[in-house]
Amino acid sequence: MPTPKKVFYNGKIVAYEDARVGILTHAMNYGTAVFGGIRGYWNDTEKQVFVFRPNDHYKRLLDSAKLLRMQFPYAKEDLTAATLELIRVHEYREDVYVRPLAFYSDEIIGVRLHNLTPALGIAAIPFGRYVDKEEGAHVTVSSWQRIGDNIIPPRGKIAGSYVNSAFAKTDAQLAGFDECIMLNQQGHVAEGSAENLFMFRNGVFVTPPITESVLEGITRRTFMMLIRDELKLPLEERPIDRTELFLADEVFYVGTGVQLTAITQIDHRTIGTGQMGVQTARLRELYFNVVRGKVPKYRELCVGVY
Ligand code: PMP
């Protein structure tokens, strides 16, 4: 993957090579960083890149930073403005992925969260699919347990906690699966390595509440809204058992990266018909239209770059 020409770093747009970190950087040694993942979608009719819900993503970034006691002189709107500028500087006219990273930049020895100096960078790159099999993934329930609120809070996007995701994702992929589902410390379904999860069973959508050790996902919120307001079908936030997934009619991941990815097999058990379900397909089509700015009702979620 080629690196971008420029990045936003500590308040300015600079050459990628000029935003450097040293070996002793606190965040590199102790995982004391938080990050985000935002997509921009190219709309060919309007010749426009629409960034999807940037203020909501930056609110979550600043919330995640707050968990690590980081303070910044930026409001979420400032970070959105910097992101639009960064996309313009590269003249991207395609789908893009934006990666903000807030990290403790001190080059010192000593694990802690206080008396440290936060830094903030944003990079934007062209981007396509995150999961190859968005139309039907075969996944496994991981033997690695999802971290919990009293370990590293999963509601925030804290860099160090992604070692937990990486263990689970690598073991799943090396065993031949596309992705994994992680259970929380209560043994309930939490989420994937980098995606929230929904099931559809007996006419009702269900997703675990945030208190089940899942990230406060922005895409999760978008789908909750689309299920209620567009599909007008019932939706519950409640704990889910592993075997409920086996009996579900439809199961799918949602997230900025995976967008909506259908899960058609879990540990060699066929989910529903074994193909992407009817509701999943409806939601997926709706989502792609919303994020590209094609649905007037949801247009305010899309921020145009040009
Ligand atoms: N859960 C985890 C663990 C993630 O890393 C992500 C990706 N950010 C998600 C869920 C989905 O979150 P969002 O919809 O905000 O991208």
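Only a predicted model underlies this, so the values are computations on that prediction, with no experimental measurement involved. Ligands are counted one by one from 1 in listed order, and the atoms in each one are counted from 1 as well. Any value given below was found using the heavy atoms of this structure, including those in side chains, with hydrogens, waters and symmetry copies removed. Along the sequence shown, residues carry numbers from 1.
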Exercise. Can Arg60 be said to touch ligand 1, with heavy atoms closer than 4.0 Å?
Worked result: yes
Exercise. Hey, which atoms in ligand 1 end up nearer than 4.0 Å to a heavy atom of Ile218?
Worked result: 13 (P), 14 (O), 15 (O)
For this session: Check Arg155, Arg220, Arg146 against Glu191 for a salt bridge (charged side-chain N to carboxylate O under 4.0 Å, His left out) and give me the one that passes.
Result: Arg146
For this session: Give the residue, atom name and distance (to 0.1 Å) of the protein heavy atom nearest atom 1 (N) of ligand 1.
Result: Glu191 OE1, 2.7 Å
Exercise. Any chain of hydrophobic side-chain contacts (each under 4.5 Å) joining Phe252 to Val206?
Worked result: no
Problem set entry | Heteroatom distance test (Ser193, ligand 1): nitrogen or oxygen, under 3.5 angstrom | no
Exercise. Atoms of ligand 1 less than 4.0 Å from Lys157 heavy atoms?
Worked result: 4 (C), 5 (O), 7 (C), 8 (N)
Exercise. Tyr298 ring centre to Arg53 NZ or CZ under 6.0 Å, with the angle to the axis within 45°?
Worked result: no
Seminar exercise, completed: Test side-chain contact (heavy atoms from CB on, under 4.5 Å), reference Leu260, set Glu134, Glu195, Met276, Arg284, output is Arg284
Exercise. Closest non-hydrogen protein atom to atom 6 (C) of ligand 1, residue and atom name please, with distance?
Worked result: Ala194 O, 3.2 Å
Seminar exercise, completed: Here the atoms of ligand 1 under 4.0 Å from any heavy atom belonging to Thr256 are 13 (P), 14 (O), 16 (O)
Exercise. So, Trp144 versus Asp171: side-chain donor-acceptor pair below 3.5 Å or not?
Worked result: yes
Exercise. Atoms of ligand 1 less than 4.0 Å from Leu215 heavy atoms?
Worked result: 1 (N), 2 (C), 4 (C), 6 (C), 8 (N), 9 (C), 10 (C), 12 (O)
For this session: Run the numbers for me: atoms of ligand 1, each under 4.0 Å from some heavy atom of Tyr162, listed by number.
Result: 2 (C), 3 (C), 4 (C), 5 (O)
For this session: Check whether any N or O atom of His57, backbone or side chain, sits under 3.5 Å from an N or O atom of ligand 1, and answer yes or no.
Result: no
Exercise. Any donor-acceptor pair under 3.5 Å linking the side chain of Asn164 with the backbone of Gln145?
Worked result: yes
For this session: Starting from atom 14 (O) of ligand 1, locate the nearest protein heavy atom and write down its residue, its atom name and how far away it is, to 0.1 Å.
Result: Thr219 OG1, 2.5 Å
Problem set entry | Side-chain donor or acceptor of Asn43 paired with backbone N/O of Thr45 under 3.5 Å | yes
Exercise. Would you call Arg146 a ligand 1 contact, heavy-atom distance under 4.0 Å?
Worked result: yes
Exercise. Among Thr222, Val214, Asn196, whose heavy atom sits nearest atom 10 (C) of ligand 1?
Worked result: Asn196
Problem set entry | Distance-only polar pair, side chains of Ser213 and Gln185, donor-acceptor under 3.5 Å | no
Exercise. Distance only, no hydrogens: is a donor on one side chain within 3.5 Å (strictly under) of an acceptor on the other, for Tyr41 and Glu94?
Worked result: no
